[in-house]
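In what follows, a single structure is set out as structure tokens and then discussed.
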Amino acid sequence: MFIFVPDEARQGYLKIEVTMLASLFGKKSDHPFADLKSAQAFLADMPKNDTHKMVLELTEWIESVTESTEFKPEHLFAVVSLLDETAQPYVRKLARDYFAQIELNQFQENRLWLALGNFYRNVAHAYLTLFKLYQENAKGTALLKAHLPLIVARALYSLRGQLKYVCAHYGPVDENIWANLAWLYRHAEQQQYVDTPVKLYAAKTWDSSVKQEFARLLAWYGAGVANLSPLYLHLTERLFAQYCSDIDVHTQLIDKELFSFDLNRAAAPVRVNFDATVYPSVRFVSMRNLQAKLGDLLKTLEKNIVPSELSLLGNYDAETVREAVLHLLTYLLEPPLRRNVRRSVKIDLNIAQGFANILEYTEVALDFNPQPPLHWQIEDIGLNGFRTVLPSNASVRIGSLLGLQAEGAAHWGVAVVRRMSRNETGQLHVGAEILANQIVGITLSQSGGGAASIEDGQPALWLYDKSGDIGAEVRLLMKDETFLPNRSWQVTLQGKSYLLIPVALQEKGADYDLAKFRVVEREAAEAA
């Protein structure tokens, strides 16, 4: 029987007879993976038709062999590589299911999240253990030297996977991730293998390197992933994977570097401050050519075409991918900044979640017995947003539409959840952008279609500006997939009839369209 193990000298995989390898690893052990012949036989009998179970079992075996003290370093590397390679197609399948455009129920979402998060955490730990053994000059680790570029690149790849699933649940990021990132990259620089090309996995069609994996992680995390839903978090990560050759790391601050990372003071990457003192330990992430490539991709997506060469690990419509590209372009040019100071205040709010439920609290209510409002207490508030802290089991997502009414107030406003994070106890810190402090329910009819009624019209929410007046333009919240750039509407409001001419779709949510219209008052006779 033969197996394939990484051969860094040839940048591929080396076919080696199992009996030859087994003789190198000393006395026999009772562990199923003590020799590679039994490991191959064991893997052949695993439940390959059950993707979820395969990932769980392979994760357990990776954890088991990593914690074993009876394996020589070279054998440990061969076994970890074998298990990791075997798991890759199953992990990709679970990731496609987890990041599907169709929203999963909570049980299924949590089931997949746990499996994927545990896999990456244990694989990262395995490669970090091998790296630590080499750094400590443990007995037998000299044989690992030839594999170091692959070990470190895979450790970085797995750390990004670990970070991705922490972010998917808005959890607190383990600071050890940044410390390990600095530890690995510093050694690669010192030993001069940051640019050594490696075949990361057999299924990968392109080479990678320690520098590429390091830069890709920093660029992706630096691009505002804390403000994204899991779907867009995944798509942005895949886009950086697609264009990772256009991301670079420099020791000098030149002119177009975006993020910086200090190898001596390991923490999350930060936006470059060109006025700050530059220390020798700081590394800068540059994406000079990426903006042009994303711009070209955007033009293709606007034709409703998703390029076949785009590897997104799933099927996504052009509009969804376009939104992810627009987010990245925003961060490449200038990330959004909070414009107003928040002040600490305790305000009790009634909260209605979702477009249909908010409508039930307005004049166009359909009397579908709306869900009772939730009760949130605001921790701090600004001119355009607020923050609150919710229990760990709160059902809310980035992009959720919220109706809000202060205790004792007569009118409702509306907001959208923009940021979420969990503290160490699991509580959710939720940041929301206030779209309007006052809304009114209206019924739209197609232009020229006669008087509007709930039977023949579309219910919508009219968002008043701060003055409360009807101006030349208005924003409407409409049911999702309702806005069309060539469809005008008519509406009656405050005893007057108006023609609403579409200007732009500003945002698409899971259950709503946020659109801007030009407002033209119609004469009573014309309206009749």
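A distance of 4.5 Å separates CG in L76 from CG in L130, rounded to the nearest 0.5 Å. From E74, atom CD reaches atom CG of L143 across 5.0 Å, with rounding to the nearest 0.5 Å. To the nearest 0.5 Å, atom CG of residue L94 and atom CG of residue L112 are 5.5 Å apart. Here the straight-line distance linking atom CD of Q212 with atom SG of C244 works out to 4.5 Å at 0.5 Å rounding. Note that the CD atom of Q40 and the CG atom of L82 stand 5.0 Å from one another [nearest 0.5 Å]. Rounded to the nearest 0.5 angstrom, K211 NZ and T196 OG1 are separated by 11.0 Å.
The 12-atom threshold is not exceeded at CG of N315, counting heavy atoms of other residues, nucleotides or ligands nearer than 6.0 Å. At most 12 heavy atoms of other shown residues, nucleotides or ligands fall within 6.0 angstrom of atom NZ in K145.
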Only distances under 3.5 Å count here; give the side-chain donor-acceptor pairs of residues 289-304 to other protein atoms, sequence neighbours excluded, each with its distance to 0.1 Å.
unit_1	atom_1	unit_2	atom_2	d
K293	NZ	D246	OD1	3.3
K293	NZ	D246	OD2	2.9
T300	OG1	D296	O	3.4

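Side-chain atoms of W220 come within 3.5 Å of backbone atoms of L233 as a donor-acceptor pair (strictly under, hydrogens ignored). Of the possible donor and acceptor atoms, none in the side chain of S400 sits under 3.5 Å from a partner among the backbone N and O of V396. Side-chain atoms of Q242 come within 3.5 Å of backbone N or O of S311 as a donor-acceptor pair. Distance alone, capped at 3.5 Å, is enough to place a donor-acceptor pair between the N105 side chain and the Q108 backbone. Checked by atom type and distance alone, the side chain of T320 never pairs as donor or acceptor with a backbone atom of Y316 at under 3.5 Å. Of the possible donor and acceptor atoms, none in the side chain of S81 sits under 3.5 Å from a partner among the backbone N and O of A78. Panel note: side chain K53, backbone N49; no donor-acceptor pair is recorded below 3.5 Å. The main-chain N or O of L144 is never found under 3.5 Å from a side-chain atom of T141 such that the two would form a donor-acceptor pair. N110 places no side-chain N or O within 3.5 Å of a backbone atom of Q106 that could act as its donor or acceptor partner. Within the 3.5 Å criterion, the main-chain N or O of I62 finds no donor-acceptor partner in the side chain of N122.
For the 3.5 Å distance criterion, the side chains of H429 and Y170 fail to qualify, holding no donor opposite an acceptor. No hydrogens or angles considered: nothing links the side chains of H75 and E70 as a donor-acceptor pair under 3.5 Å. Residues E213 and S208 bring a donor and an acceptor atom of their side chains to less than 3.5 Å of each other. Side-chain contact of E67 with H125: a donor-acceptor pair under 3.5 Å is present, judged by distance alone. A donor-acceptor contact closer than 3.5 angstrom links the side chains of Q101 and D317.
Contact record, Y120 with Q162: CB-N, 3.5 Å, taken as the closest heavy-atom pair. Closest non-hydrogen pair, F240 versus A223, comes out as CE1-CB, 4.0 Å. The two residues A182 and A266 come nearest to each other via the heavy atoms CB-CB, 4.1 Å. Closest of all the heavy-atom pairs between S158 and V123 is OG-CG1, 3.2 Å. The shortest heavy-atom contact between E424 and P172 is OE2-CB, 3.7 Å. For the pair V225 and C167, the tightest heavy-atom approach, listed with the atom from each and the gap, is CG2-SG, 4.3 Å.
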Kindly indicate, with the supporting measurements, whether the criterion side chain to side chain contact (heavy atoms under 4.5 Å, CB included) is fulfilled by R216 and L156. CA-CA 9 Å; R216 181 175 154 192; L156 294 170; over 6 Å; no
Given the rule in the side chain to side chain contact (heavy atoms under 4.5 Å, CB included) test, do L390 and Q427 qualify, once you have shown the distances and angles that lead to the verdict? CA-CA 6 Å; L390 303 177; Q427 290 178 305; over 6 Å; no
Before you tell me yes or no, could you show the steps for D262 and S281 under side-chain hydrogen bond (donor to acceptor under 3.5 Å, both in side chains), namely the whole-Å CA-CA distance, both residues' side-chain angles and the distance that decides it to 0.1 Å? CA-CA 6 Å; D262 194 332; S281 58; 2.6 Å; yes
Stepwise side chain to side chain contact (heavy atoms under 4.5 Å, CB included) test for F261 and L218: CA-CA 8 Å; F261 181 80; L218 292 177; 3.8 Å; yes
Do F284 and H250 pass the ring pair (Phe, Tyr, Trp, His ring centres under 6.0 Å) test, and can you show the C-alpha distance, the side-chain angles, and the key distance before you say yes or no? CA-CA 5 Å; F284 301 97; H250 302 294; 8.6 Å; no
For Y512 and D480: C-alpha separation, side-chain torsions, deciding distance, then whether side chain to side chain contact (heavy atoms under 4.5 Å, CB included) applies. CA-CA 4 Å; Y512 67 88; D480 60 306; 5.6 Å; no
Ring pair (Phe, Tyr, Trp, His ring centres under 6.0 Å) between Y127 and Y157, worked out: CA-CA 10 Å; Y127 288 116; Y157 178 88; 9.7 Å; no
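In this structure, the ring of Y165 has its center no less than 6.0 angstrom from the ring center of F119. Taking the six-membered ring for Trp and the full ring otherwise, the centers of F33 and W61 sit less than 6.0 Å from each other. The aromatic ring centroids of Y221 and F214 lie 6.0 Å or more from each other. For H187 and Y193, the ring centers sit closer than 6.0 Å to each other.
Using a 4.0 Å cut-off between charged nitrogen and carboxylate oxygen, R154 and E85 count as a salt-bridge pair. Using a cut-off of 4.0 Å between Lys/Arg side-chain N and Asp/Glu carboxylate O, K508 and E323 are scored as not salt-bridged. Comment: R322 engages E319 in a salt bridge, judged by a side-chain N to carboxylate O separation of less than 4.0 angstrom.
For the pair R265 and Y279, the cation sits on the ring face: its NZ or CZ lies under 6.0 Å from the ring centre, inside 45° of the axis. Taking the ring axis of Y185 as reference, the NZ or CZ atom of R283 does not stay both within 45° of it and closer than 6.0 Å to the ring centre.
Among D380, L428, I378, I351, the single residue meeting the side chain to side chain contact (heavy atoms under 4.5 Å, CB included) criterion with T388 is I378.
No side-chain heavy atom of L104 sits under 4.5 Å from any side-chain heavy atom of R111. At a threshold of 4.5 Å between non-hydrogen side-chain atoms, the residues I247 and V285 count as touching. In this structure, L184 and L128 have side chains that are in contact, with non-hydrogen atoms separated by less than 4.5 Å. Within the 4.5 Å cutoff, no side-chain heavy atoms of R397 are placed close to those of S229. V80 is listed as a side-chain neighbour of V65, based on a closest heavy-atom distance under 4.5 Å. Using a 4.5 Å heavy-atom threshold, the side chains of L148 and F131 count as touching. Taking 4.5 Å as the limit, some side-chain heavy atom of L263 sits within range of a side-chain heavy atom of E189. L310 is listed as a side-chain neighbour of L239, based on a closest heavy-atom distance under 4.5 Å.
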